[in-house]
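Per chain, numbering begins at 1; letters A, B, ... match sequence-line order.
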2 protein chains.
Amino acid sequence: MITLHDKKYTCPVDVTLGFIGGKWKLLILSHLHWQEQSSYTRLKENLPGVSEKMLSQQLKELERDLLITKQVVSRKPYRVMYSLSGEGKSLAPLYEFVSEWGVRYLKKHGIDYIQDQHLYK
Amino acid sequence: MITLHDKKYTCPVDVTLGFIGGKWKLLILSHLHWQEQSSYTRLKENLPGVSEKMLSQQLKELERDLLITKQVVSRKPYRVMYSLSGEGKSLAPLYEFVSEWGVRYLKKHGIDYIQDQHLYK
DNA sequence: ACGGTTCCCTACTTTTTGGTAAGTTGTTGC
DNA sequence: GCAACAACTTACCAAAAAGTAGGGAACCGT
């Protein structure tokens, strides 16, 4: 058993899941992977179904865990940009693989995702 | 929006998450990845903290989703073996990557997982 | 015949997660 | 001055996921 930040993990896989688990995190991260950077509103528009509560909550956790970076672009009109940090980018193979696996699965089942979707590359 | 088996997905990443999401699935799958095959009891022993309810529930779903295979090894004394199916094996890079990322994270934070853990290679 | 083991299932409760809806601050544009 | 927009926060509620605790069938060894 591994103890980290007061939580218990059974193995390295479990540790990683602690960072990217949850309904929206991998979605947010891979969005930022394809888009490089994104504002709060853009993120919201590109993650169909996410509520603002969930979005800001998950963004806060991802920032706390150092997977993403939030930069305040301007203060007078308060504008913000989210992007992957170095740590977040180190998960890039995962975003790619998970996405490609999904695409392959859909193809195998005769669904052409390109026609239906509207965000990922 | 992608519809598959009466559920809605926003993108390919979401589709993949539909199969491997949840607290125990990736743990079960990667266990089977390292161990090749495992009995119910062995699985239980090697996933610290899993309840029998969760274990059999998740195994059932993984089998339904064709990621694992259950073979009845003997009937007189009822014995069973779980292993990855072809589909399950196609996720192998993911098990490897997620595990290695966890190991790297732990090392970076000065935790030597080999001493603490008891299952993954 | 009895305890132990394997391989589960089920009802119930708790915890966690997620959703709704509204409010807030500070802008810009008209 | 007022609506609109960006970037949130908060309180409250519902749903989903997970945990607890027990049962149960079939076998095996002694």
Side-chain angles (χ1 to χ4, degrees), chain A residues 1 5-10 13-14 17-29 31-32 35 37-65 68-83, chain B residues 1 5-10 13-14 17-29 31-32 35 37-65 68-83:
Chain A
M1 207 63 97
H5 307 133
D6 300 330
K7 279 197 156 192
K8 303 269 177 198
Y9 301 94
T10 64
V13 171
D14 205 10
L17 286 179
F19 292 103
I20 59 168
K23 196 174 172 182
W24 298 106
K25 282 189 183 169
L26 210 59
L27 256 18
I28 293 172
L29 290 169
H31 172 77
L32 291 175
Q35 303 294 314
Q37 63 166 206
S38 210
S39 69
Y40 180 84
T41 303
R42 181 129 175 259
L43 237 2
K44 196 177 62 180
E45 287 166 356
N46 284 302
L47 300 174
V50 74
S51 67
E52 305 210 13
K53 176 195 161 196
M54 275 298 109
L55 182 57
S56 58
Q57 197 176 94
Q58 306 285 292
L59 285 171
K60 218 179 279 180
E61 288 180 23
L62 289 169
E63 209 195 338
R64 178 202 63 195
D65 295 339
I68 65 170
T69 307
K70 169 181 172 179
Q71 44 179 318
V72 179
V73 173
S74 91
R75 294 199 170 277
K76 339 273 190 73
Y78 185 63
R79 294 295 179 271
V80 151
M81 275 297 171
Y82 291 96
S83 54
Chain B
M1 205 64 95
H5 307 133
D6 301 330
K7 280 196 157 192
K8 304 269 175 199
Y9 301 94
T10 63
V13 171
D14 205 10
L17 285 179
F19 291 104
I20 59 168
K23 196 174 171 182
W24 297 106
K25 282 188 182 168
L26 211 59
L27 256 18
I28 293 172
L29 290 169
H31 173 76
L32 292 174
Q35 302 294 316
Q37 63 166 207
S38 209
S39 68
Y40 181 84
T41 303
R42 181 127 176 261
L43 238 0
K44 198 178 62 181
E45 289 167 354
N46 283 300
L47 300 175
V50 74
S51 68
E52 303 210 12
K53 177 199 159 195
M54 273 299 109
L55 182 57
S56 58
Q57 196 175 94
Q58 305 286 292
L59 285 170
K60 218 180 279 180
E61 289 180 22
L62 289 169
E63 209 195 338
R64 180 203 63 196
D65 294 338
I68 65 170
T69 306
K70 169 183 173 177
Q71 46 179 318
V72 178
V73 174
S74 92
R75 294 198 171 277
K76 341 273 189 73
Y78 185 64
R79 295 292 180 273
V80 150
M81 274 298 171
Y82 291 96
S83 54

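Taking the side chain as every heavy atom from C-beta outward, A:L17 and A:F19 never approach each other to under 4.5 Å. Contact of the B:Y82 side chain with the B:Q71 side chain is not registered, since no non-hydrogen atoms from C-beta on lie closer than 4.5 Å.
Atom CD of B:E45 is separated from atom C1' of C:dT6 by 11 Å (rounded to the nearest Å). For the pair B:Y82 OH and C:dC7 P, the interatomic distance rounds to 8 Å; values are reported in whole Å. One interatomic measurement links the two molecules: CG of B:L27 to C1' of D:dA18, which rounds to 14 Å at whole-angstrom precision. Rounded to whole Å, the distance from CE on B:M81 to P on C:dT6 is 11 Å. One can place CD1 of B:I28 at 12 Å from P of C:dC8, the figure rounded to the nearest angstrom. Residue B:Q58 contributes atom CD, which lies 18 Å from atom P of C:dC7 at whole-angstrom precision. We find that CD of B:Q57 is positioned 16 Å from C1' of C:dC7, with the value rounded to whole Å. We find that CG of A:L55 is positioned 10 Å from P of D:dT9, with the value rounded to whole Å.
Nucleic acid contact for B:T41: sugar-phosphate only, since backbone atoms but no base atoms lie under 4.0 Å from a heavy atom of the residue. Within 4.0 Å of A:Y40, counting heavy atoms only, lies at least one base atom of the nucleic acid.
Within the model, atoms CD1 of A:I68 and CD of A:Q58 stand 10.0 Å from one another, a figure rounded to the nearest 0.5 Å. Taken to the nearest 0.5 Å, the CG atom of B:L55 stands 12.5 Å off from the NZ atom of B:K53.
Across C:dC8, D:dG19, C:dG19, the shortest atom-to-atom separation from the side chain of A:S51 is found for C:dG19. Side-chain proximity of A:K53 to C:dT10, D:dC28, D:dT10: nearest is D:dT10. Among the nucleotides C:dT28, C:dC8, D:dC8, the one closest to any side-chain atom of B:K70 is C:dC8. Listed nucleotides C:dG19, C:dC9, D:dA7 differ in distance to B:K60; the shortest reach to its side chain belongs to C:dC9.
Below the 3.5 angstrom threshold, one finds no donor paired with an acceptor across the side chain of A:K76 and the base of C:dG26. Under 3.5 Å, the side chain of B:K23 and the base of D:dA17 form no donor-acceptor pair of N or O atoms.
Between A:R79 and A:V50, the residue anchored closer to the 5' end of DNA chain C is A:V50, taking for each the nucleotide with the nearest heavy atom. The 5' end of DNA chain C is approached more closely, in terms of each residue's nearest nucleotide, by A:G49 than by the other of A:Y78 and A:G49.
For the pairing with A:W24, the side-chain contact (heavy atoms from CB on, under 4.5 Å) check across A:L62, A:L43, A:V50 returns one residue only, A:V50.
One finds a side-chain N or O of B:S56 lying less than 4.0 angstrom from the OP1 or OP2 phosphate oxygen of C:dC9.
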